[in-house]
Amino acid sequence: MIPFDFKAIEAKWRERWEKDGTFVTDIRDFSKPKFYALDMIPYPSGEGLHVGHPMGYTSTDIVSRMKRMQGFNVLHPIGFDSFGLPAEQFAIKTGNHPGVFTDKNIQNFTRQLKAMGFSYDWTKQISTHKPEYYKWTQWVFEQLYKDGYTSHKPTYVNWCEGLDTVLADDEIVDGKSERGGFPVEKRLMKQWILNIPAYAERLLAGLDELPEWPESTKEGQRNWIGKSIGAEVEFKIENSGLSFRVFTTRADTLFGVTYCVLCPEHELISRITTTEQRDAVDKYIKECASKTDIERTNTNAEKTGVFTGAYAINPVNGERVPVWIGDYVLTYGTGAVMAVPAHDQRDYLFSKAHDLPIKRVIEGGDLDVEAFVGDGNHINSGILDGLNNEQAINKMIEWLEEKGLGTRKVNYRLREWIFSRQRYWGEPIPVVFLENGNTVLDENLPLILPEMTDYKAKNGRPPLDNATEWKSTEIDGVKGERETCTMPGTAATSWYFLRFIDPHNDKEIADKELLAHWMPVDLYVGGAEHTVGHLLYSRFWNNFLFDKGFSPVKEPFKKLVHPGMLLGENGEKMSKSKGNVINPDDVINEYGADAMRVYEMFMGPITDAKPWNKQNIEGARRFILKVWSLYINDDKIKDEENKNLEKLYHKTVKKVTEDYENMSFNTAISQMMIFVNAVQKENVFPREYACGFIKLLNPVAPFITEEIWERVFDSNNVIDYQTWPQFNEELTKDDEIEIPVQVNGKVKARIKITANEAQDKVLAAAKQAVGVTNADKEIYVPNKIVNLIVKK
RNA sequence: GCCGAAGUGGCGGAAUUGGCAGACGCAAGGGACUUAAAAUCCCUCGAGAGCAAUCUCGUACCGGUUCGAGUCCGGUCUUCGGCACCA
């Protein structure tokens with residue numbers, strides 16, 4: 001008996017792969033077809049790798065290993081998204097440079113990833129916080145700047161006085177900061193903005209060219225882009241010479257407008273509010289400052305608002321309508337809406353809450369209960385009377401354009417990308433504000449992030465504001481001050497897939513010939529939480545870089561897969577606060593990396609959320625041990641045939657190959673278990689099948705299969721360079737099939753037929769088996785089922 | 001709230017275009033081996049009725065289409081993910 005010492009075996013092969021450079025990809029080898037398998041790079045947190053990470057990473061590793069054996073030149077890199085808030089907070093707390101914390105975490109992540117046996121090419125590793133990487137992040141920003149896709153303008157942020165910093169909506173709970181519970185308010189700050197709406201139409205159209213993306217992800221991006229066609233209409237403020245514009249997709253309801261609503265941030269408010277209303281308005285605006293967009297747009301939430309005292313004139317009928325302020329109107333778009341309570345539910349609720357009139361202009365529904373938003377005959381609408389919604393919308397827009405009161409307009413919900421962060425631990429924005437009033441780029445890249453002793457923002461200014469020496473500079477002899485905001489985390493991750501191809505290039509983001517060969521990414525795997533955000537921003541940057549001739553393709557990711565969330569034992573989210581986080585180190589230590597990989601892949605479909613279950617790892621280990629004794633301790637592998645295993649072997653090769661391709665790893669493993677169970681019952685395990693099977697298992701369990709390969713088959717060459725096993729389609733089909741015979745839909749008997757037997761023969765056998773002579777209806781689905789319908 | 005996804009045994013899950021519901025694994029119970037234990041191997045394992053062959057029910061809930069529905073359609077409930085400076 002040779003025992004299975006997984007610790008020694010795993011250590012041995014980790015060392016061997018590293019020494020031999022087994023997984024180093026020659027990116028200039030164009031002789032083989034390419035396959036680019038990419039994981040979304042992790043943020044190297046202080047907690048180390050989470051058991052959820054290997055879920056996705058193992059899946060790309062399996063596909064990568066299979067593709068390599070199938071003759072592809074595989075690029076399978078990894079890196080770290082290493083700028084981010086936790087490192088900055090650590091630095092503020094301890095006074096240490098965030099890079100120290102980050103480097104330590106990267107080392108830990110690297111150790112853990114290597115322990116899992118992933119076939120990454122570590123020579124191509126990147127970390128986004130390193131100057132040789134962020135030089136090119138800054139460079140992309142400069143290209144966007146030069147092409148006019150950037151602007152610098154006042155934008156609202158969540159300001160927290162107590163923490164002296166800007167917060168994400170996510171960091172705010174009930175209007176207070178999550179950390180510390182300090183009040184939060186909206187504040188205007190000058191920020192860099194990227195004009196992603198300029199690419200809205202292309203980002204929308206590009207989705208149709210991505211058949212291998214999940215439909216739900218594409219739908220999520222479509223909703224985020226939120227294209228709508230409507231009209232922009234101008235409303236004049238009575239007796240003031242002022243006016244505001246509203247966007248509406250329902251221009252047909254203009255005759256039903258009974259008031260207008262401005263968002264609390266609207267610039268007109270201070271100029272139109274009457275003296276009597278001023279106190280109420282000021283008070284209301286203050287209240288709104290701490291609410292998030294989700295709270296504000298909740299349809300069922302109480303519709304708060306306040307009257308400005310001003311009136312606007314409805315351009316279609318000259319009616320005088322009150323102008324209100326309400327937080328259900330957000331700052332984007334025009335920041336103002338025309339309210340038609342009869343035909344919009346939010347307006348309806350607002351009008352009920354504030355006793356505003358409701359005027360019906362379309363027949364249908366019951367306005368005592370809710371707004372009528374359906375199609376119908378227009379009434380009380382002058383020129384629109386008698387028309388349906390679509391006709392009325394078109395007629396109204398034509399009329400507005402003719403009279404110069406409004407224009408047809410396509411509106412996108414997609415907002416500009418706010419690109420400034422009041423943080424230290426990010427890429428410096430290479431912009432200088434000169435004394436002569438000009439703003440220019442600093443093209444001497446990389447612009448290095450300076451070291452500091454205090455990383456905290458102060459007095460509403462970003463941390464870099466305190467780097468006085470770094471801040472003051474001169475460009476072409478003119479003195480100036482640097483931008484002290486940094487870039488958001490999503491900047492670096494919006495283009496890293498290009499850099500992996502040629503990560504050490506100091507002259508350009510990557511060699512053009514290499515890019516043309518390797519792009520797009522063939523398989524991209526990462527969490528569904530990136531449906532919008534990262535996945536939309538990277539499409540934007542890559543589209544832009546395509547336009548500039550730097551990326552060879554418009555769409556960077558050909559196939560996209562989102563692994564499901566890994567939950568705690570009781571189906572709850574794993575989190576530090578719940579104390580239910582599983583450390584992969586412990587699992588590897590106790591069961592080995594192979595068992596962990598088998599377990600995670602066997603849990604269920606890769607895209608489903610699944611609860612962790614310690615007992616089930618035991619099953620994975622048992623399977624590994626069975627394979628070990630089958631090859632090492634049994635004496636069954638012989639140069640002989642075994643007809644009992646022939647069909648099962650070919651079926652197994654076919655199913656496992658197809659399942660890996662489709663990323664159905666749980667059923668692939670199930671099939672391999674069935675095969676192993678069958679072999680255990682036999683005395684002869686033909687050498688050909690034994691050799692083929694160990695290759696099938698290798699992508700999931702690389703360590704044990706390498707060891708078996710060396711001991712049983714070939715001690716000179718690693719398994720990773722072997723060719724993938726083939727199957728014979730004919731041998732995957734059964735000659736004899738057992739099918740059920742139903743009478744009136746209930747199974748009454750089973751009969752054996754030969755494959756593809758003639759229908760009348762099958763039906764005759766079926767009738768005999770159940771003793772039916774006259775059936776009113778006979779249904780035969782070839783090789784599947786017989787159903788005889790007999791009326792009583 | 002809006003958008004997206006998912007609900008199948010004690011548990012994780014399986015089930016081409018609608019065609020034998022519960023593959024494979026875990027747990028549990030029984031047995032073999034052992035002085036004993038561990039490991040391993042064999043058997044049982046959705047619910048109910050029956051001595052039994054067998055019958056009835058069963059894929060979140062209500063209804064529909066169909067010879068036939070876990071799968072398709074309409075409605076309801078629950079859970080999860082996203083919602084713009086967390087990662």
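Proteins come first, then strands; the chains are lettered A, B, ... in the order of their sequence lines, and each starts at number 1. Only a predicted model underlies this, so the values are computations on that prediction, with no experimental measurement involved.
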B/rA27 phosphate, OP1 or OP2, under 4.0 Å from A/Arg622 side-chain N/O: yes
Under 4.0 Å protein heavy-atom contact, by nucleotide of nucleotides 81-87 of chain B - B base, S sugar-phosphate only: SSBBBBB
Whole angstrom value for the distance that separates P of B/rA69 from CG of A/Asn787: 10 Å
Rounded distance (Å) that lies between atom P of B/rC2 and atom OH of A/Tyr328: 16 Å
Distance-only donor-acceptor check, side chains A/Gln759 and A/Glu778, under 3.5 Å: no
Length of the NE2-C1' vector between A/His562 and B/rC80, whole Å: 15 Å
Rounded distance (nearest 0.5 Å) linking atom CG of A/Asn633 with atom CH2 of A/Trp628: 7.5 Å
Gap in Å between the two C1' atoms, one belonging to B/rU56 and one to B/rA5, rounded: 36 Å
Polar side chain donor-acceptor pair, A/Arg539 to A/Gln221, under 3.5 angstrom: yes
Pairwise P distance, B/rG46 and B/rA23 [rounded to whole Å]: 8 Å
Upstream residue (5' side of RNA chain B) when A/Pro740 and A/Ile674 are each assigned their closest nucleotide: A/Pro740
Neighbour count >12 (heavy atoms, 6.0 Å) for atom CD, A/Glu738: yes
Sugar-phosphate, base or nothing in reach of A/Glu738, heavy atoms under 4.0 Å: base
Polar contact flag, side-chain donor to acceptor under 3.5 angstrom, A/Lys186-A/Asn158: yes
Interatomic distance at P, B/rA52 relative to B/rA69, whole Å: 30 Å
Whether A/Trp612 side chain and A/Met574 backbone form a donor-acceptor pair below 3.5 Å: no
Distance in angstrom units between A/Phe4 CZ and B/rA39 P, rounded: 17 Å
Lys/Arg-Asp/Glu bridge criterion (N-O < 4.0 Å) met for A/Asp608, A/Lys610: no
Contiguous Watson-Crick or G-U pair runs (3 or more, under 3.5 Å) in RNA chain B: B:1-7 with B:77-83, B:10-12 with B:24-26, B:28-32 with B:40-44, B:46-49 with B:54-57, B:60-64 with B:72-76
Under 4.0 Å protein heavy-atom contacts per nucleotide of nucleotides 4-18 of chain B, with B for base, S for backbone only and - for none: SS------BSSSB--
Atom-pair distance (CG on A/Asp327; C1' on B/rG1), nearest Å: 13 Å
A/Asp776 CG to B/rG68 C1', straight-line distance once rounded to whole Å: 16 Å
Polar contact flag, side-chain donor to acceptor under 3.5 angstrom, A/Glu427-A/Thr486: no
Beyond-backbone contact of A/Asn787 with A/Val743, side-chain heavy atoms, under 4.5 angstrom: no
Under 3.5 Å side-chain donor-acceptor pair for A/His562 and A/Thr217: yes
Nearest-Å distance once atom P is located in both B/rG58 and B/rG48: 15 Å
Separation of B/rC41 P from A/Asp634 CG (nearest whole Å): 11 Å
Between A/Lys626 and A/Asn677, a side-chain donor and acceptor under 3.5 Å: yes
Whole-Å C1' distance, B/rC55 and B/rG4: 44 Å
For B/rG18, glycosidic torsion class - syn if within 90° of 0, otherwise anti: anti
Approximate separation, where rounding is to 0.5 Å, of A/Ile669 CD1 and A/Ser664 OG: 11.0 Å
B/rC85 to B/rU71 separation - C1' atoms, rounded to the nearest Å: 44 Å
Interatomic distance where CD1 belongs to A/Ile789 and P belongs to B/rC67 [whole Å]: 8 Å
Under-4.0 Å side-chain N/O to phosphate OP1/OP2 contact, A/Asn677 with B/rG25: yes
Sugar-phosphate, base or nothing in reach of A/Gln742, heavy atoms under 4.0 Å: base
Touch class at under 4.0 angstrom, heavy-atom based, for A/Lys614 against every strand present: nothing
Toward the 5' end of RNA chain B, by each residue's nearest nucleotide, A/Val786 or A/Ile779: A/Val786
Interatomic distance at P, B/rA15 relative to B/rG22, whole Å: 13 Å
Side-chain (A/Glu178) to main-chain (A/Val173) donor-acceptor, under 3.5 angstrom: no
A/Arg621 atom CZ, over 12 foreign heavy atoms within 6.0 Å: yes
Touch class at under 4.0 angstrom, heavy-atom based, for A/Lys626 against every strand present: sugar-phosphate
Distance between C1' atoms of B/rA28 and B/rC80 (Å, rounded): 30 Å
